[in-house]
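Input: a single structure, listed below in structure tokens.
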2 protein chains.
Amino acid sequence: MDDSARLDATFQALSDPTRRAILARLARDGDVSVMELAEPFAMSQPAISKHLKVLEKAGLVSRGRDAQKRPVHLEAQPLAEATGWLIDYRKYWQAQFGRLDDLLDELQKLEAAAGKN
Amino acid sequence: MDDSARLDATFQALSDPTRRAILARLARDGDVSVMELAEPFAMSQPAISKHLKVLEKAGLVSRGRDAQKRPVHLEAQPLAEATGWLIDYRKYWQAQFGRLDDLLDELQKLEAAAGKN
DNA sequence: CATATAAATAACTATATGGTTTTGTAACTG
DNA sequence: CAGTTACAAAACCATATAGTTATTTATATG
């Protein structure tokens, strides 16, 4: 898989709110089993397993083994690559916020208002 | 469209190499007509128009009017929001970059100065 | 007015995506 | 060994996506 295809897979994986929520959960709680991940969602276990397969193909998670459980682990490398792509555009989006600290302020407002996705 | 849906649309728009190339072209050359955008691709004009519709729905481009031409303009706001989402994971991906460029340096300085994290 | 250019729209096709329910399997437990 | 838990795999369905060719619309020009 070349760089472009990896970015395809990463952005595609990030384009679903369930998958972003899974990543957020892993960032908060560390490794989590599939059942524990599925619990908050109004969705069947196989649906979550499918989302995990998408995340795994993008390299955003890896799987371990603990008895019957397959703990899911966050892998940040693709997030770094996606960020790297976006950083090339910073001169365009920086202007939207004026200065960097304005960006941070804006982010905090967005998160406070949205309750973090 | 709420924050989550906007992120969906943004990441989904960014998940295609043709659309990323279009954004890169607009960042380099400024506003560009549809025909000029289509030229480098082995793809029909309607296919490019469809990609532009995806980008426009995500708010990543806007359209002007110049005689028959509909110049395409880069809109960076959604890139800022996507970057904002990724920045929440920086502690995971920071290690991946050796020497970071000025954005991240500045981010770290700001945070250090503010006594955060 | 007739024609050319730029782009959008329509109609169609093939494949991908996101969900379901059902079934299968690997590992523990009594 | 029988049952349970945790998960994956299969089969199916509806909708979305990415492309095509053909047609239409808007604007400009001879």
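Every chain is numbered from 1, with letters handed out A, B, ... down the list of sequences. Not measured: the values here are computed from a predicted model.
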What are the two closest non-hydrogen atoms of A/Leu79 and B/Trp85, and how far apart are they?
CD2-CZ3, 4.1 Å

Opening and closing nucleotides of DNA chain D in contact with chain A, under 4.0 Å to non-hydrogen atoms
D/dT5 to D/dA9

Counting distance alone, no hydrogens or angles: does the base of C/dA6 have a donor or acceptor under 3.5 Å from a partner atom on the side chain of B/Gln45?
no

Between CD1 on residue B/Ile22 and CG on residue B/Asp16, distance to nearest 0.5 Å
8.0 Å

Sorted by first residue and then second, give each salt bridge (charged side-chain N to carboxylate O under 4.0 Å, His left out) pair with at least one member in residues 23-38 of chain A; sequence neighbours left out.
A/Arg25-A/Asp29

Are B/Arg20 and A/Ser4 close enough that a side-chain donor and a side-chain acceptor fall under 3.5 Å?
yes

Between C1' of C/dT5 and CZ of B/Arg70, the distance in whole Å
14 Å

Hey, can you pull the donor-acceptor pairs under 3.5 Å for the side chains in residues 52-67 of chain B, sequence neighbours left out?
from: B/Ser62; atom 1: OG; to: B/Glu75; atom 2: OE2; distance (Å): 2.8
from: B/Arg63; atom 1: NH2; to: B/Arg70; atom 2: O; distance (Å): 3.3
from: B/Arg65; atom 1: NH1; to: B/Ala67; atom 2: O; distance (Å): 3.2

Which ones in residues 50-69 of chain B lie close to DNA chain C, meaning a heavy atom under 4.0 Å from one of its atoms?
B/Lys53, B/Arg63, B/Gln68, B/Lys69

Beyond-backbone contact of B/Ile48 with B/Thr18, side-chain heavy atoms, under 4.5 angstrom:
yes

Backbone N or O of B/Leu74 within a donor-acceptor pair of the A/Tyr92 side chain at under 3.5 Å?
no

Cut-off 3.5 Å, no hydrogens considered: what does the side-chain donor-acceptor table look like for residues 37-47 of chain A, sequence neighbours left out?
from: A/Ser44; atom 1: OG; to: A/Ala47; atom 2: N; distance (Å): 3.4
from: A/Gln45; atom 1: NE2; to: A/Ser49; atom 2: OG; distance (Å): 3.2

Does the A/Tyr89 side chain pair with the main chain of B/Ala80, one donor and one acceptor, at a distance under 3.5 Å?
no

Those residues of residues 28-38 of chain A lying under 4.0 Å from DNA chain D by at least one heavy atom
A/Ser33, A/Val34, A/Met35

